[in-house]
Every structure is written in structure tokens, then in C-alpha cells.
2 protein chains.
Amino acid sequence: MSGHHAARGRRATERKGDLRERAILDTCEALLAEKGYEAMTVGDLAQGAGITRGALYFYFGSKQEVVTALVARTVEHLWERSLTTARSEDPRRAVAAAMRRTVELWNAHGLVMRTAIDLSLTVPEIGALWDRTADLFITAITAVLERAGVPPGEEPDQASSMGRALCWMIERSFYHASQESPERLSRASATCEHIWLTSAGLTS
Amino acid sequence: MSGHHAARGRRATERKGDLRERAILDTCEALLAEKGYEAMTVGDLAQGAGITRGALYFYFGSKQEVVTALVARTVEHLWERSLTTARSEDPRRAVAAAMRRTVELWNAHGLVMRTAIDLSLTVPEIGALWDRTADLFITAITAVLERAGVPPGEEPDQASSMGRALCWMIERSFYHASQESPERLSRASATCEHIWLTSAGLTS
DNA sequence: CCGGAAAGTCTACACAGTGTCGAGTTTTCT
DNA sequence: AGAAAACTCGACACTGTGTAGACTTTCCGG
């Protein structure tokens, strides 16, 4: 609860601390890939960023806060780019475009996204971040379903519920596939796309 | 790696230790519900089972081992009952039966199943256990798809891939829904059933 | 029913990682 | 220049883990 960088808003000149902060986050991402969340200690983090543990605690209150910030950074970057998805006329094209976009996202940020999913239970902050992200996807999927003629509503055979289920299918399929290889990811994507289309009544 | 109860096979008379072991596992399940995996310490576990930490380490090497044993116990119980699923003639009935069965499972053991999913990444033992469970489900779903006329094979529009994707959809939907309420769980179930049927070409 | 082995239990200890404190140094702004 | 803010560090207290070794209880063959 020490008010350090919460008070530091956008700034003209770049503080030394902004550098450090970025270094910490980058180190965190690297260590996450290298040894995983559990095994990564605050000491490792500090060492990787070239400072001592004490100094790190000036920037972040805990390991969880560091990871939360990393997830926030990634997820923000993700929100910006995903708003242009829904604007295609043909639902079939919209689905294909959305899936392509999502594959790119997972190829680029799979590690952080998997971490976010893993920690959403134990770290409420990350849970909230990820829920919001999922909602974005659910809304997008639901919109496409409705455009394809699925009636709106919360009943099992209506768009909203189906959108949610399909989102979870994609999340989980990609979670597993992105752990394996980009190749598996694109196969998983094709499968999900097919089920999505079928569910929307767009059987070729 | 201390050879204590690994050597103790099935036994006519029930050792005192078997009692303890069960007490520990029961306590573990209770604590998991009460405070979650992270917050639960080995001390809590021991206290709940009415012994000291030292005594607990006689039975299990670590907190992870306790939880692994709990997951194993639950999942075994689960394997036994799920083998009778595939024997219905009408695919529509088979799907309905499978979903009903799965809802029961999640209502009864949702907590342990969610824990298993959460830990499958960090605890390889649990990962293996859960993978095997998932494979069971995937195989069952795939079988029903094929019986309904979906061609077998690994291509995106063929049974095997679709079975996997549908399994993940169900897992994730149930994971979230079972956290909320039995009511949400049954709604999620209905949605998943609808998508499954549609994917199998069994549109009413 | 006795005596040794196996099973079970406990207290004490060593260790690793966390988070905090207060005293210093550097940077920034005026 | 000089005060305030930003930043850094080493040392400390605390919590939880896993291990060691001594002790008690239970089992079971002779």
C-alpha cells in the first residue's frame, strides 16, 4: 500500500523506474517460459532485472503483482487489436477472420495467456482481467451467430449460451494446442471453426 | 521415496494407518472447499486429521502428494462408473445419457475435478491422471459421433478432432458453471448437448 | 505370552522464500 | 543550490517446508 507508482501517471520524460519496470516484466515473461510460475522466485525476478529484491519491492508488492502487470500489459495490447473483427458482412468470412486473428494471438502470446488462465482462480485481479477478455470474445461470437440467423437469447439453442460454450471450446482447445506446437494450433483452429460454422447453421 | 505405504498392499485387517490416510484425504477435500489449495498448509492438513505435521509426513511426502492421492481416489471412482455409457443404440439417447451422467459427476465431485484441472500443469502426476480421464471422455464422444454418421479420422470435420474439441468445450463449460450453482450447471449441460447434437448432424 | 520387527508418532532443527524497515544514494524540479 | 521525490540496498522477522532421530504402539511367529 506504499503509494509509489500508482500516483505516477503518464509522463513526458521517461523515469529510470519505467525502464526498470519494463525490465522486470520482460524478465518475468522469460522466467515464466523457462521455469514456470511456481518455481520463479522474487529473487530470480530481481536478479534478472539487475536489481536486488528490496528494490523490486519498491515497484511491485509481490510476485503476483508482477505477473498481474504482465498479464495486463499483454491483454491490453490484445484488446486494442480485436475490435475490428466484427465488421464483415458474410458470417462465414467473419468466422474465418476471427479464427485467423485468434491463432495469431495465441502464437504470439500463448505463454502469458496460459499463465493468465492458470492463475485466474487464485489471483482475483487476473481473474477479472481474463473474464473481461473472455466476455469480449463471447460477445463477438454471439454477434456472428445472430448475424447467421441463430435467434438471440439465453436458452440452450440460442445465441448467447452457444456463444459462451463455443468460446470455452476455443479457449481450452487453444490452451492445449499452443502448448504443443503452432502446427497443432492451426489444426485445432480448423476444428473449432468447423464446429462454430455448423452450430451457426452454415453447413457447407 | 521412503518406502512406507507403497509396500503395504491390500490387507485383510485394516491398519490404523489406513484410517489416518482416509482422514487426511477427507480433511484435504474439506480444506480445499474451505480455503483453496494455495492457502491450505501441511499443518492445517495434519491438524484436521488429528495428528502432527511430522506424522503426516509418514504418510505423504508433500502437500502435492496428498492432493494427488485425493484426485486419484476421486478419478478412480469415476472411471468405474463411466464405462457403461456407450451402449445405447440411438445416438440421441446416448448423448442425453452421457450428459446426464456428466452433470451428476460434476455435482458430486466438482471441487476435486476443478482442483485437478488447475493443478494438471504444475503437478505432472495429476496431469497424467486428468489426461487419462479426458481421453476416456474424448473416446466416448468420438464413438457417438461416428455412430451418428460423422466420418472417422483426424481431419477438422472428422470425428476424432471434433470429439476432442467438444470434450474441451464440456470440460471448460462445466468447470465454470459448477463453480456457480447446480442450476447453471444444468443449463450449461443443455447448451453443450445442443451443440454436440448439431455437430453430429442430428438437428431436430 | 514374549520379544523383536514393523508401523506409527512426536519434538526439534535446518532451510528457503517472503515481505518489511530504516538508513542511505541518486535524480528531478525550481 | 537545495529540498523533495524517486530509487536502492542490506538486514531482519516470519511462515511454511521437509528431515532426523528418539520414542511408543501394534503385529505376529515361536
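Below, chain A is the first sequence line, B the second, and so on; all start at residue 1. Keep in mind that what you see is a predicted model, and the values were worked out from it rather than measured.
Note: CZ (B:Arg20) to C1' (C:dC10) measures 12 Å, nearest angstrom. One interatomic measurement links the two molecules: CZ of A:Phe60 to C1' of C:dG17, which rounds to 19 Å at whole-angstrom precision. Atom P of nucleotide C:dA7 and atom CG of B:Leu19 are separated by 16 Å, given to the nearest angstrom. Atom pair A:Glu38:CD and C:dT18:C1' shows a separation of 15 Å (rounding to whole Å applied). Atom CD1 in B:Ile24 sits about 11 Å away from atom P in C:dG8, given to the nearest Å. Put simply, CZ on A:Phe58 is 16 Å from P on C:dT26, counting in whole angstrom units. Between the P atom of C:dG19 and the NZ atom of A:Lys63 lies a distance of 9 Å, rounded to the nearest Å. Between the CE atom of A:Met40 and the P atom of C:dT18 there is a distance of 9 Å, rounded to whole Å.
When each of C:dG8, D:dT19, C:dT18 is scored by its nearest atom to the side-chain atoms of B:Tyr57, the top-ranked nucleotide is D:dT19.
Using cut-offs of 30° and 60° for the angle between ring planes, the A:His109 and A:His77 rings count as perpendicular.
Between B:Tyr59 and the phosphate of C:dT9, there is a side-chain N or O to OP1/OP2 separation shorter than 4.0 Å.
Residues B:Arg73 and B:Glu21 are not paired through a salt bridge, judged by the lack of any N-O separation under 4.0 Å between the basic side chain and the carboxylate. In summary, B:Arg187 and B:Glu183 engage in a salt bridge, as defined by a charged side-chain N under 4.0 Å from a carboxylate O. Salt bridge absent: B:Glu38 and B:Lys63 never bring a charged side-chain N and a carboxylate O closer than 4.0 Å.
Summarising the local packing, CD of B:Glu125 is surrounded by 12 or fewer heavy atoms from other residues, nucleotides or ligands at distances under 6.0 Å. Atom CD of A:Glu146 is surrounded by more than 12 heavy atoms from other residues, nucleotides or ligands within 6.0 Å. Taking a 6.0 Å sphere around CD of B:Gln47, one finds it holds 12 or fewer heavy atoms contributed by other residues, nucleotides or ligands.
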Pair B:Met40-B:Val67, side chain to side chain contact (heavy atoms under 4.5 Å, CB included): steps then yes or no: CA-CA 11 Å; B:Met40 172 181 72; B:Val67 179; 4.0 Å; yes
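Using modelled atom types and a 3.5 Å distance limit, the side chains of B:Arg114 and B:Ser178 yield a donor-acceptor pair.
Contacts between residues 42-55 of chain B and DNA chain C, defined by a heavy-atom separation under 4.0 Å, are made by B:Ile51, B:Thr52, B:Gly54, B:Ala55.
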If you restrict it to nitrogen or oxygen atoms, what contacts under 3.5 Å exist between nucleotides 23-25 of chain D and the protein, and what is each distance?
none

